[in-house]
Every structure is written in C-alpha cells, then in structure tokens.
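Structure first, commentary second.
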Amino acid sequence: MKKDTKLIHAGQNKKRNAGIVNTPVFHASTVLFDSTADMLDTQDRALKKREKKLFYGRRGTPTHWTLQEAVSELEGAEDTFLTPSGLSACTLAILGCVKAGDHLLVTDSVYEPTRGFCDSFLAGFGVETTYFDPLIGAGISALMKPNTRAVFCESPGSHTFEVQDIPAIAKAAHAKHALVLADNTWASPLYCQPIKLGCDVSIQAATKYIVGHSDAMVGTIAVNEAALPGIAKAISAVGITLAPDEAYLATRGLRTLSVRLKQHHANAMIVARWLQSRPEVKRVLFPALPEDPGHALWKRDFSGASGLMGVVFKRTSAEAVTAMIDGMELFPLGFSWGGFESLMCSSNPSRAVARTARPWTEPAPGVRLHVGLEDPEDLIADLAKGLARFTQALG
Ligand SMILES: *Cc1c(COP(=O)(O)O)cnc(C)c1O
C-alpha cells in the first residue's frame, strides 16, 4: 500500500473497537482480572511477549495501541513507545541506549533541550557526550571510541537545517556496534523513514506535525529489534506513560498529516522563493530549495518538505529582528511549530552554548519561520511589512 493509504488505515481495528472508526479514549488505571492465574498469564503476555493485553493503565490501552501501531507502520518499525512530550521521547530513547561509562555522539545541530539533557543531566550519571559536525557523514568513524554506544542524529538540524548523511553515519556506527537514533520531527514519518535508512530508532516530537493543531504534547519512539529491549526497559523503569486523551488527539491528527504536509510544503516553497528574492536576505535555510547545500541528500532520503525554515540576513541586529517579529500579524511569536498556523521566532545558532563542533558563522540573529496553511499571498504581504520594519530598525 502507498503511504497515503497506510496513513488512513494504520492501527485501525474494527473488532477491537466495536466498529467505531476512531479508537475511543480509554481512561484507565486499574484493570480487573478473573483470577490469579489470569493475572499472571496477562502479565506474561502483556509485558514479556508484548501482546496487546490490558494489564494496568500505565502499560497502555487500545487508545495507545492504535497510535503505536500506526506510527510503527509508517516508520517501518518493530514497535513504538509513547511519551508525554517530544523532549521526553529524545531523553528516554537515549537513556535506553547508554549506561554509566558509555560514550554518546550527538549532532552539533541537535534541538537545544536535548543537548541540555546530555550536558547537564546525563553527564552526572557518567555518560560522556561528544558533539559532531552534522556534515560528518562516514567520517563519524574517527570519533567512535571503544565505549561509544549510541549516535544521535537530527536531520535537518534544529535552526540550522543541515541535512545529515544518515545512511553513511548509520553504516559507520554499526560497524563499531553503536545504536543510531534520529530525531525525525521536521520530516514526520511521512516524508522520511530513518529506520529504513539504517537507524535503529526514529523519534518524533508528535506535538508538531502529527498532532498538528497546537493542542497536545506527545512523543513517539519507533524502534527496530536491536533498540527495543533497552528502550522498553527505560520506559518501564522510569514509569512513563502518555495520557489517553493526548494519544487520541495524536491519532486523530495523524489521519490528515498528508494533506496538511502537502500544503505546508507548497506554501513554504512559495515563501522561501520570495524571501530569496529579497535584498535583506542572504540565505534561506530550507533543504527543498535546489540552492540549499543539503538539497542532494534531501532529494535522496526525503519524499517531501515541511513548513519550517531559517532565514539568514545579510546585515542584522537584535533590535531589527525584534522590530520585525513584534509587529507580525500572521506570524505570531511562540515556541513549537507543526500546527496549522504560521509562527516566527528569532534564531541565534552562533551563540557559544548552541554549537561546539562546528561553530555557526553566518550573520545572527536570523529568524525561524513556520509556514502554516494560510494563503501564501497574505503571508508574503505580512513578511514584506516585517522586512520594512527590520530595515528601518537596522538604520
Ligand atoms: C519541539 C522539538 C522537540 C521537543 O518536543 P516537545 O513536544 O516540545 O517536548 C524535540 N525535537 C525537535 C526537533 C523539536 O523541534
């Protein structure tokens, strides 16, 4: 089946859901058993054999199974774990792959809170992190130590949008017996399947495009067989569970992911092309543009682009960027992205804390745009007024 067809039907289970199209929200903590034997049997089947059996609310209900099965099918994964945010999906996936004394390699372009977890938390548990140049490719071999257990990628990178050569990194990492994880949030499982490119784990901040409506926080960790036991253990030990209402909203959002992403991609291309034509703009960071340095890899490994991009100005200042952002009408200022609406925030990847392996040398601050589902003509009119404020404030 083609991806658009899978998206509509993945995880649906007419029998399990009494014929109801969308799996209802099961609110549950206690699940009652018929006897001790039944309890022990269910425990064995639910926990050891990973069968879809109701055991205890924290261990999941049909509301969760539907989302898990759908994401597994789209990601090409053995199984999928659900977490209460995208960040917890990143951190629990890492926790499931490393232990004290291990070494972890993380892309220098990683989402900043993931970096914060490695530096300020994981380090305290005796796990050492080294950041690598996102463009390293097979060269990652040279950074692998005998105790390197995992390599964490994110492509395109947060704020800087470098596309990583995931197949080359995965091949080199596997040669030295490390697991490979990828934060796949930008592309969603519809436009990139890291596990098919050689990764062991594909992570989604499902808060973004899967939920798609800026009204729920969800993380997904899709795993192959190699990564499954460690991550299952971490999730179980820490006691992480996703609230059933959030699982429901994520599944509901997932069904329209394809039509939304097509429009995000189309609108983003129009806005990106217009920005490229502007005298204030040095570069638009968006791999779907043929001029982008990551375009060839994007074309090889992705089947589409989402609506998130960076803008680098020729000359800039914090005051000019603030003047632009604070007067926007259709690009409000706020964290996160992936919902139906456009957003804008300032972006400064040249700060010392943000990059260590390959410092960002482009003029900063720039802006990060999420191009939403509005009419692109209106978005461009708003951006034109924003750039006029920018230029005036720049003096
Ligand atoms: C937003 C984001 C996250 C974190 O997701 P939350 O649901 O906000 O915790 C992780 N990775 C990337 C790439 C993101 O953009």
Side-chain angles (χ1 to χ4, degrees), residues 67 71 75 80-95 106-119 121-122 131 134 152-164 166 181-192 194 199 201-222 235 238 240-243 245-247 249-250 253-254 257 261 264 268 285-287 294 298 302 305-310 333-339 341-349 354-355 367-372:
L67 178 60
V71 172
E75 295 267 17
T80 296
F81 299 94
L82 306 177
T83 69
S85 68
L87 181 59
S88 58
C90 296
T91 59
L92 283 155
I94 293 171
L95 281 175
V106 175
T107 178
D108 209 18
S109 57
V110 76
Y111 177 64
E112 223 174 294
T114 305
R115 189 181 192 107
F117 167 78
C118 296
D119 292 343
F121 186 83
L122 213 48
Y131 294 93
F152 192 98
C153 305
E154 182 182 323
S155 179
S158 272
H159 287 272
T160 48
F161 297 90
E162 299 97 330
V163 182
Q164 299 192 249
I166 299 273
L181 301 82
D183 185 331
N184 187 33
T185 301
W186 182 86
S188 92
L190 205 63
Y191 286 167
C192 184
C199 292
V201 180
S202 174
I203 296 157
Q204 289 289 328
T207 305
K208 309 279 169 56
Y209 284 116
I210 291 181
V211 166
H213 295 73
S214 310
D215 53 3
M217 314 248 359
V218 181
T220 65
I221 309 171
I235 297 271
V238 174
I240 279 291
T241 188
L242 176 66
D245 293 289
E246 314 311 88
L249 286 170
L254 190 70
L257 182 65
L261 277 182
H264 282 293
L285 311 173
F286 190 56
W298 173 78
F302 294 68
S306 62
L308 194 74
M309 66 180 71
L333 172 65
F335 291 114
S336 207
W337 42 274
E341 82 284 67
S342 291
L343 295 169
M344 185 185 287
C345 66
S346 80
S347 172
N348 194 348
R355 301 276 290 210
V367 292
R368 192 186 69 182
L369 298 187
H370 179 247
V371 178

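Whatever order the structure lists them in is the order used to number ligands and atoms, beginning at 1.
The nearest heavy-atom contact from the protein to atom 15 (O) of ligand 1 is K208 NZ, 2.6 Å. Protein heavy atom closest to atom 9 (O) of ligand 1, with residue, atom name and distance, is L87 N, 2.8 Å. In terms of protein heavy atoms, atom 8 (O) of ligand 1 is closest to M217 CE, 3.6 Å.
With hydrogens and angles disregarded, no donor-acceptor distance shorter than 3.5 Å links the side chain of H159 to the backbone of N348. At distances below 3.5 Å, not a single donor-acceptor pair connects side-chain atoms of W298 with backbone N or O atoms of V163. Without hydrogens or angle criteria, R115 side chain to D108 main chain gives a donor-acceptor distance under 3.5 Å. When atom types are taken as modelled, the side chain of E246 and the backbone of P84 share no donor-acceptor pair closer than 3.5 angstrom. N184 places a side-chain N or O within donor-acceptor distance of the main-chain N or O of C192, the cut-off being under 3.5 Å.
Residues that satisfy the ring pair (Phe, Tyr, Trp, His ring centres under 6.0 Å) test with Y131, not counting sequence neighbours, are absent from this structure.
The shortest N or O to N or O distance between C90 and ligand 1 is not under 3.5 Å. Ligand 1 has an N or O atom lying under 3.5 Å from an N or O atom of G86, backbone or side chain. Checking only distances, T207 does come within under 3.5 Å of ligand 1, N or O to N or O.
Legend: side-chain hydrogen bond (donor to acceptor under 3.5 Å, both in side chains) pairs involving residues 205-214, not counting sequence neighbours, sorted by first then second residue: Y209-H370, S214-E341.
The atoms of ligand 1 that sit less than 4.0 Å from any heavy atom of A205 are 2 (C), 3 (C), 4 (C), 5 (O), 10 (C).
Counting heavy atoms only, D183 comes closest to atom 11 (N) of ligand 1 of the residues D183, V110, V211.
Contacts of W337 with ligand 1, taken as heavy-atom pairs under 4.0 Å, involve the side chain alone.
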